[in-house]
2 protein chains.
Amino acid sequence: MVSMDDPQPLDRVARIQADWRRERPDIDIAPQGVIGRLHRLADQLTEELCLVYGRYGLSEGEFDVLCALRRAGEPYERAPGELAAHTMVTTGAMTKRIDRLERAGLVTRRRSDDDQRGRIVALTRPGRELIDRAFTDHMRNERRLLDLLTPAETQALEGLLTTWLSRVENPRPSDSK
Amino acid sequence: MVSMDDPQPLDRVARIQADWRRERPDIDIAPQGVIGRLHRLADQLTEELCLVYGRYGLSEGEFDVLCALRRAGEPYERAPGELAAHTMVTTGAMTKRIDRLERAGLVTRRRSDDDQRGRIVALTRPGRELIDRAFTDHMRNERRLLDLLTPAETQALEGLLTTWLSRVENPRPSDSK
DNA sequence: GCATATTAGCTTCCATGGAAGACAATATAT
DNA sequence: ATATATTGTCTTCCATGGAAGCTAATATGC
């Protein structure tokens, strides 16, 4: 006889779906099974990742900026506008992030030579060393979280996310909202 | 001869990975392929979903609160603490959301009879009608986004997300951070 | 060459949420 | 019964980001 224990307790999303099916039987709430869980998972992962950023005294936004500078390669410099574009925030938000990082001594800010409007943000030596350590730790953390799936599952998931993302970002012109 | 056009241009995440491979060849950045895209996709989907909330004059948080009340079923009432738990925010944040919804005439707030500390938040008639229309539209929107995948892809994705989510939320005790 | 437009970064103001504590009501222990 | 602990909500303060506008510098059109 097969064990009937642990009947896979409904997760949060499934419970919400059950509520809706009772209250609005006229609506197909199947999409929530995917979109709701994707958001929930993203939130959970963010929470786990922020634990590591915090160990280095960084917020997620600050970590992102330091990564963008480090990824740029020697001499680890970028304009604020570039950083804003890379990290998907407005230039106003970027100004404030740079303010904080500058105050912490992790980056410097100077005027660009060829365009006096522009600034150049550069990693300092301590900033470079901090992000190198933090990023190493960060990727170890992501690896740990990803290892909750098997390699086959991981590969399948990456493919599905890549496909969906490309279609969301580049909608076929025929789709209407 | 097979067409060699459109060599699947690197997406944002792939470009970031390429940068890291050059700068930090010692680190395995494969997990970003999944985690980075998952976050990117979550952000994109949120943006699309917020367009619909906005049509009804609602922010995402306000939409969530109205949904939680509507899902509760007749008479569409819940305590602020319950709402906070359901929508994953602190009670302080919930107080402010309820303030806004109350000001908009979509919910009412009264003292609980059996516990004078407690409040009861209830959907008003206009609130009920608004969320019924908004939710219908919202699910149509989620359906549109999900239909960018095939049914087989959708099913596979939901399974993978459910599996991963359950493991992230209920880590095996042997896993260490 | 000068007037106008554009650009880059910054500033200000607003929206939202978290953290911590205040406050009142209720539960618990003796 | 009363002192203490807990609970539920709200308040205050702070952190962060967006939107819009400001300023200085550069580009463009005539």
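These numbers were taken from a predicted model, which means no experiment stands behind them.
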Checklist outcome for this item: Per-nt protein contacts along nucleotides 15-29 of chain D (heavy atom under 4.0 Å; B base, S backbone sugar-phosphate only, - none) come out as -SBB-----BBS---
Checklist entry - Same cluster or not: are V13(A) and W164(A) linked, directly or through other Ile, Leu, Val, Met, Phe, Trp or Tyr residues, by side-chain heavy atoms under 4.5 angstrom apart? => result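 Per the 4.5 Å side-chain linkage, V13(A) and W164(A) are not co-clustered.
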Checklist entry - Side-chain heavy atoms under 4.5 angstrom apart, residues restricted to Ile, Leu, Val, Met, Phe, Trp, Tyr: same cluster for L69(B) and L130(B)? => result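 As far as the 4.5 Å side-chain criterion goes, L130(B) and L69(B) are connected within one cluster.
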Next on the checklist: Taking D147(B) first and then R143(B), would you say they form a salt bridge - that is, a charged N and a carboxylate O separated by under 4.0 Å?
Outcome noted: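 Salt bridge flag = yes for R143(B) with D147(B).
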Checklist entry - D99(B) or G118(B): which one's nearest nucleotide on DNA chain D is closer to the 5' end? => result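 Comparing both residues, the 5'-ward one is G118(B).
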Item to check | Euclidean distance, atom CD1 of residue I98(A) to atom C1' of dT11(C) [Å, nearest integer] | outcome: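 Between C1' of dT11(C) and CD1 of I98(A): 14 Å.
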Item to check | Rounded interatomic separation in angstrom, taking CZ from R119(B) and C1' from dA25(C) | outcome: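 In whole Å, dA25(C) C1' lies 11 Å from R119(B) CZ.
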Checklist entry - Pick one: which of L101(A), L123(A), I131(A), V65(A) meets side chain to side chain contact (heavy atoms under 4.5 Å, CB included) with L106(A)? => result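 By the side chain to side chain contact (heavy atoms under 4.5 Å, CB included) criterion, L106(A) pairs with just one of L101(A), L123(A), I131(A), V65(A): L101(A).
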Next on the checklist: Under a 3.5 Å threshold, yes or no: a donor from one side chain and an acceptor from the other, between R117(A) and S112(A)?
Outcome noted: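 R117(A) vs S112(A): no donor-acceptor pair found between side chains.
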